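Take a look at the structure below.
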Amino acid sequence: MTEYAYDRIQENPKFQALVKRRTRLAAVLAATMLVIYFGFILLVAYAPDFLGTPIGNGVTTIGVPIGLFVIVAAFVLTGIYVWQANTTFDRMNDEILKELDQ
Amino acid sequence: MSALSRLLPAGAVTLLPLPVLAQEAAPAAAGANVPAIIMFLVFVGLTLVVTKWAASRTKSTADFYTAGGGITGFQNGMAIAGDYMSAASFLGISGLVFVSGFDGLIYSVGWLVGWPIVLFLVAERLRNLGKFTFADVASYRLKQTPIRILSATGTLTVVAFYLIAQMVGAGKLIELLFGIPYLYAVILVGVMMMIYVTFGGMLATTWVQIIKAIMLLGGATVMAFLVLWTYDFSPEALFRTATEIHPDNLSIMSPGGLVSEPIGAISLGIALMFGTAGLPHILMRFFTVADAKAARKSVFYATGFIGYFYILTFIIGFGAIVFLMNNPEFFVTTTGPDGTVTYDMKTSLIGGTNMAAVHLADAVGGSLFLGFISAVAFATILAVVAGLTLSGASAVSHDLYYSVISKKQAADADVIRVSKISTICLGIIAIILGYIFENQNVAFMVGLAFAVAASVNFPILVMSMFWSNLTTRGALIGGFVGLISAVTLVILSPAVWVDTFGNAAAIFPYNNPALFSVPLAFVATWLFSVLDRSQDAENEKAAFGPQYVRSQTGLGAEGAAAH
């Protein structure tokens, strides 16, 4: 019975659409995180003077908001994924599971 | 004199049993030690009450490993933060900011960026496929015995390195903060964690981690608030004063020497980013929630708490610069023949630069707040070691005893008994290792734990969930290639080959092997899976379809245990 259910879901176009959308979003967000973090590390390694540029007449350098941006970006990216999953993916998933009962 | 420096001589030189020490230390440390000890006792008392309550609810294996699966997403997010934020990140990163300013931020960022990866690649599918350990997922359609042994080896290796670093750090810190001799401090930590885990299982461990997260986030928030308050909540004013006081002046606002060499920095970045998604004690936390939705939410909350915490450590580090560096009372000083007092602002902080946050608590909040932050540091260590021990014990009892030795035939009660015995054995081993490694440099060990997690656990987990052509042979060879290459390269690295073994030059130039060992593990896993033409391999590939549907939809996933 369960094997049968798994086979049916796998052939359901809605399942394929869900997996495709979710995988694409996760891949894009993961790639964004990689680019932001390793971009930051490469800036530190190759352009320390740029990060050390003071903002206006202050002592605060441009590196401080950029570093904080990486931290905030990690949180925002997880937020985007969770929001999409709560609103869209869960609904698609429920529909797929409901169709099994029919 | 600062409160901490008053108590130090008493603890540093005495090696007498505890009651005698307490008497001797009492006059010297009356101002500081007492609030710290009272608050520590309150924490211990509270956690023991929680453990007693948890023990009455811990009856089945599901209770012991996953708290019955009844933890909410928010609670689990807190507990993950409590499991992950170690005393090393609290004291170490604020100390790093104290010495080098901006460089501390570079370091702290690395410890956060693994969390989105955990969410995007692992959390939901892990919850949908597994029951108690990540090995459940890795071995879902592969052969139980070899994959369980590999996963348990990966788990126990990570736990051992992580535990050694935590125990040595704990012993030193508690020796310093409470005036307890190193060995007693290590035994105290070991015994406390054995009590939490043996009696209260995952439920007690979870609540110890939640209480600790609240204490740590609360304490750090108050400290950062008091620092910023002094500067009318203007970070610019804080940074300006810091650059005027710090001997390196304006250069503390720019990247310094921490990342001078990009390959090493990228290698560490890979270990942190992918290692987080392979830490067994973190992965285990996703089985404590009801479903994939709660697993996903818990990463979101955890990322928020941990990110917020790292921003606080940056402010705390700068606060330490402005509040401590001009005060000789916080430093080991030398008095010259003409009576002038001199000290090195960057290196001679009493107890070492890792004590920056602790001294700052004294400076901004007095001895009562110092006591609170000391208790927080202790609580932090206990929460982390309890999580590590529980995941080690579950690898022994669930993966090795139940799945491999008993072929999934053992009764619940027997498995729980084995779990408790392994917890006690792990606790004793942790105490012994903590004692042996007292005077070794253990700073590289957490990095090594992340490297092994990224090179063994992460590849087999991700490949088993996403790649249909993975076979037992591929996973087994790939996993051990990752393990052996990670450990070998660390032994040949400057941190071990030069600093520990005393050789002149390192054979492998980088301190973190992940840039090499992670791709090596993936390539070996792929190659030996593709070359595997056995009938077993065909069956394993065919079993991917149903597994994939379950991992994506949650159909057939383990539900929360009924109570």
Side-chain angles (χ1 to χ4, degrees), chain A residues 2-3 5-10 15 18-19 22-23 25-30 32-34 36-38 40-49 51-56 58-61 63-64 66-68 70-75 77-79 81-83 85-86 89-90 93 96-97 100, chain B residues 102-103 105-106 108-110 112-121 124 235-236 239-240 242-244 250-251 253-256 258-263 265-266 268-270 273 292-293 296-297 299-300 302-304 306-308 310-311 314 466 545-550 552-556:
Chain A
T2 335
E3 287 297 314
Y6 286 139
D7 286 347
R8 264 186 65 188
I9 290 178
Q10 210 171 2
F15 172 73
L18 166 67
V19 169
R22 183 158 54 199
T23 308
L25 180 70
V28 167
L29 293 175
T32 310
M33 191 70 247
L34 283 168
I36 291 175
Y37 174 60
F38 287 104
F40 178 63
I41 293 296
L42 291 176
L43 274 183
V44 169
Y46 292 109
D49 294 341
L51 292 176
T53 316
I55 300 171
V59 299
T60 311
T61 54
V64 175
I66 290 179
L68 293 180
V70 182
I71 293 179
V72 173
F75 182 59
L77 292 178
T78 58
Y81 182 88
V82 169
W83 176 71
N86 284 348
F89 303 152
D90 281 354
N93 206 17
I96 293 163
L97 294 178
L100 269 187
Chain B
F102 183 79
D103 277 1
L105 185 63
I106 304 170
S108 61
V109 161
L112 185 69
V113 293
W115 285 100
I117 305 299
V118 172
L119 175 64
F120 303 149
L121 297 183
E124 294 170 278
E236 167 68 21
F239 295 149
R240 185 175 292 280
T243 56
E244 285 158 7
L250 277 173
S251 62
M253 299 309 297
S254 314
L258 189 73
V259 182
S260 48
E261 187 275 305
I263 304 291
I266 290 170
L268 175 66
I270 286 175
M273 204 157 198
K293 185 173 179 147
R296 163 212 307 160
K297 281 184 185 166
V299 186
F300 174 66
T303 310
I306 297 167
Y308 170 67
Y310 284 137
I311 294 174
F314 192 61
F466 290 99
Q547 178 201 313
Y548 193 61
V549 173
R550 173 168 162 177
Q552 294 285 350
T553 61
L555 182 69

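Quantities reported herein were computed from a predicted structural model and do not represent experimental measurements. So that the names make sense, note that chain A is the first sequence line, chain B the second, and so on, each numbered from 1.
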Can you name the closest pair of heavy atoms from [X] and [Y] and give their distance?
X      : Y      : result
A:A74  : B:L112 : CB-CD2, 3.9 Å
A:I41  : B:A265 : CG2-CB, 3.9 Å
B:I117 : A:A30  : CD1-CB, 4.1 Å
B:S254 : A:G52  : OG-CA, 3.4 Å
A:Y6   : B:G556 : OH-CA, 4.0 Å
B:P116 : A:M33  : CG-SD, 3.6 Å

Please classify the contact between [X] and chain B as side chain, backbone, both or neither, with a heavy-atom cut-off of under 4.5 Å.
X     : result
A:F40 : side chain
A:L42 : side chain
A:L77 : both
A:N86 : both

Given that the side chain runs from C-beta out, which part of [X] has a heavy atom under 4.5 Å from chain A: side chain, backbone, both or neither?
X      : answer
B:M253 : both
B:F102 : side chain
B:I306 : neither
B:I266 : both
B:T553 : both
B:F314 : side chain
B:E124 : side chain

Exercise for review: For each of A:L29, A:I9, A:L51, tally heavy-atom pairs with chain B at distances under 4.5 Å, and name the one with the top tally.
Suggested key: A:L29
Practice item. May I ask you to decide if the ring planes of B:Y548 and A:F15 are parallel, tilted or perpendicular, using 30° and 60° as cut-offs? Key: perpendicular
Review point. Would you find more than 12 non-hydrogen atoms of other residues, nucleotides or ligands less than 6.0 Å from A:Y46 atom OH?
Key: no
Practice item. Start with the C-alpha gap between A:D90 and B:R296, add the side-chain angles, then the distance that decides, and say whether side chain to side chain contact (heavy atoms under 4.5 Å, CB included) holds. Key: CA-CA 12 Å; A:D90 281 354; B:R296 163 212 307 160; 2.9 Å; yes
